[in-house]
Amino acid sequence: MQLTVLSLFPDLIEQVIDASITGRARAAGLFRLKTIQIRDFAVNRYGKVDDACYGGGTGMLMMAEPVYQAWLAARAETPDQPVRTIFLSPRGQLFSQEKAQELAASTRPLVFLCGHYEGIDQRVLDEIVDEELSIGDYVLTGGELAACVVIDALLRLVPGVLPDEDAYTRESHMDGLLEYPQYTRPAVWHDRHVPDVLLSGHQAKIERWQASQAALETLRRRPDLARKRPLSEAEWADLLTIRREEQKQGEKP
Ligand code: ADE
């Protein structure tokens, strides 16, 4: 997997991706990341990459040509393969786990374009961008943090990046539900007990409990997700049985 990021702050991307799990995966050669400094393609020797907006307004806009030249350099990294160019912007389609899966499976090299200041001249966006992604309905100072979020979410789906495939197939959002609560030692902490079923050693019971907790947490916390991923009859039946058992034992009202 080849990832290239075009940015005025490439160090920010390098530092985030080189930390922890993604850093180890990069060192192990599980993906290639290249960052390109857009300022290296400035229109003058003072490093000019932005200018005032036509039509007035206060902010500065990134100029088309430096961005285009940086993109040509990114494209030259993989001359035999057409790139897929993603612009991070609050106007984009909302990023999701589904999109992370789609990008992780992409056969085309991915190029991420990060804007700064008031944005980027629309003409270069029209020329090079395949899709726009937003990481949420709020505005950041630039696209770098958004690019890191997207890259982190997709990299952990690349085989080998996480040590155990189970780690990403059984967690929040992977099958449209949130993750069930998890516990580690000690079995009692501050008078709070790990649910008995998890100490029972009865694997089938444990899995039924975990599945029903995932359903319950999704219904409680994110009814919007629950509407998109309705529970099957069997899941409802398990959930109700387990809730009844819990209530009998006087746990969680
Ligand atoms: N750039 C600025 N805000 C952003 C957002 N919410 N998502 C993606 N890129 C952005």
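Only heavy atoms go into these numbers, but all of them, side chains included; no hydrogens, no water, no symmetry mates.
- In this structure, the separation between CZ on R91 and CG on L133 is 13.5 Å, given to the nearest 0.5 Å.
- With I86 as reference, L103 is the one residue of I151, V150, L103 to meet the side chain to side chain contact (heavy atoms under 4.5 Å, CB included) rule.
- Minimum interatomic distance between S212 and L239 (heavy atoms only, all atoms of both residues): CB-CA, 3.9 Å.
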Under the side-chain contact (heavy atoms from CB on, under 4.5 Å) criterion, do E144 and V5 qualify, and how do the steps go?
CA-CA 9 Å; E144 285 75 12; V5 183; over 6 Å; no
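- If you check the side chains of H173 and E98, you find no donor sitting under 3.5 Å from an acceptor.
- Following chains of ILVMFWY side-chain contacts shorter than 4.5 Å, one can reach W236 starting from L216, so the two form part of one hydrophobic cluster.
- Side-chain atoms of T218 come within 3.5 Å of backbone atoms of L178 as a donor-acceptor pair (strictly under, hydrogens ignored).
- Residues V67 and I128 form a side-chain contact, since some pair of their non-hydrogen atoms from C-beta on lies under 4.5 Å apart.
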Begin with the C-alpha distance, continue with both residues' side-chain angles, and end with the deciding distance and a verdict on side-chain contact (heavy atoms from CB on, under 4.5 Å) for I13 and C148.
CA-CA 6 Å; I13 308 282; C148 288; 3.9 Å; yes
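- A distance of 6.5 Å separates CG in L113 from CG in L125, rounded to the nearest 0.5 Å.
- Looking at T78 and Q2, their side chains never bring a donor and an acceptor atom within 3.5 Å of each other.
- Nearest heavy-atom pair across A70 and I38 is CB-CG1, 4.1 Å.
- With rounding to the nearest 0.5 Å, the separation of CG in D130 from CG in L110 is 10.0 Å.
- Transitive grouping of hydrophobic side chains (ILVMFWY, heavy atoms separated by less than 4.5 Å) keeps L240 and I242 in distinct clusters.
- Two residues are said to be in side-chain contact when any heavy atoms from C-beta on lie closer than 4.5 Å; I206 and S200 meet this criterion.
- To the nearest 0.5 Å, the span separating CG on D51 from CG on L61 amounts to 8.5 Å.
- Atom NZ of K48 has more than 12 neighbouring heavy atoms from other residues, nucleotides or ligands inside a 6.0 Å radius.
- Side-chain contact check for E127 versus W71: every heavy-atom pair is 4.5 Å or farther apart.
- Both M62 and F87 sit in one connected hydrophobic cluster of ILVMFWY residues. Membership requires side-chain heavy atoms under 4.5 Å apart, directly or through other members.
- A salt bridge links E14 and R26; the closest N-O separation between the charged side-chain nitrogens and carboxylate oxygens is under 4.0 Å.
- The shortest side-chain heavy-atom distance between V161 and R24 does not fall under the 4.5 Å cut-off.
- Note: F112 CZ to L3 CG = 5.5 Å, rounded to the nearest 0.5 Å.
- Q69 and E65 share a side-chain donor-acceptor pair at under 3.5 Å.
- A salt bridge links R229 to E235: one of the charged nitrogens lies within less than 4.0 Å of a carboxylate oxygen.
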Where do I120 and V124 land on the side-chain contact (heavy atoms from CB on, under 4.5 Å) test, with the steps shown first?
CA-CA 8 Å; I120 300 182; V124 70; 3.5 Å; yes
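- Using a 4.0 Å cut-off between charged side-chain N and carboxylate O, E245 and K248 make no salt bridge.
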Under the side-chain contact (heavy atoms from CB on, under 4.5 Å) rule, what do E179 and E217 come out as? Steps first, then yes or no, please.
CA-CA 8 Å; E179 198 173 28; E217 292 299 335; over 6 Å; no
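- For the pair Q37 and S7, the tightest heavy-atom approach, listed with the atom from each and the gap, is OE1-O, 3.2 Å.
- In plain terms, the two heavy atoms of A64 and D121 that are nearest each other are N-CB, 3.9 Å.
- Considering only heavy atoms from C-beta on, W209 comes within 4.5 Å of P195 through its side chain.
- Interatomic distance, L72 CG to Y68 OH, rounded to the nearest 0.5 Å: 4.5 Å.
- Using a 4.5 Å cut-off on side-chain heavy atoms (C-beta onward), L33 and T22 make no contact.
- Side-chain contact check for P66 versus V43: some heavy-atom pair is nearer than 4.5 Å.
- Taking both residues in full, the closest heavy atoms of S134 and G92 are given as CB-O, 3.6 Å, listed atom of the first, atom of the second, then distance.
- The same ILVMFWY cluster, assembled from side-chain heavy atoms under 4.5 Å apart, contains both L199 and V197.
- Listed for the Y138 side chain is a donor-acceptor partner under 3.5 Å among the backbone atoms of I135.
- Between the side chain of N44 and the backbone N or O of G47, at least one donor-acceptor pair lies under 3.5 Å.
- Residues T4 and V83 are not in side-chain contact: their nearest non-hydrogen atoms beyond the backbone lie 4.5 Å or more apart.
- In the model, Q122 has a side-chain atom that pairs as donor or acceptor with a side-chain atom of D126 under 3.5 Å.
- Between A214 and Y180 the shortest heavy-atom distance is N-CB, 3.9 Å.
- Atom CZ of R221 has 12 or fewer neighbouring heavy atoms from other residues, nucleotides or ligands inside a 6.0 Å radius.
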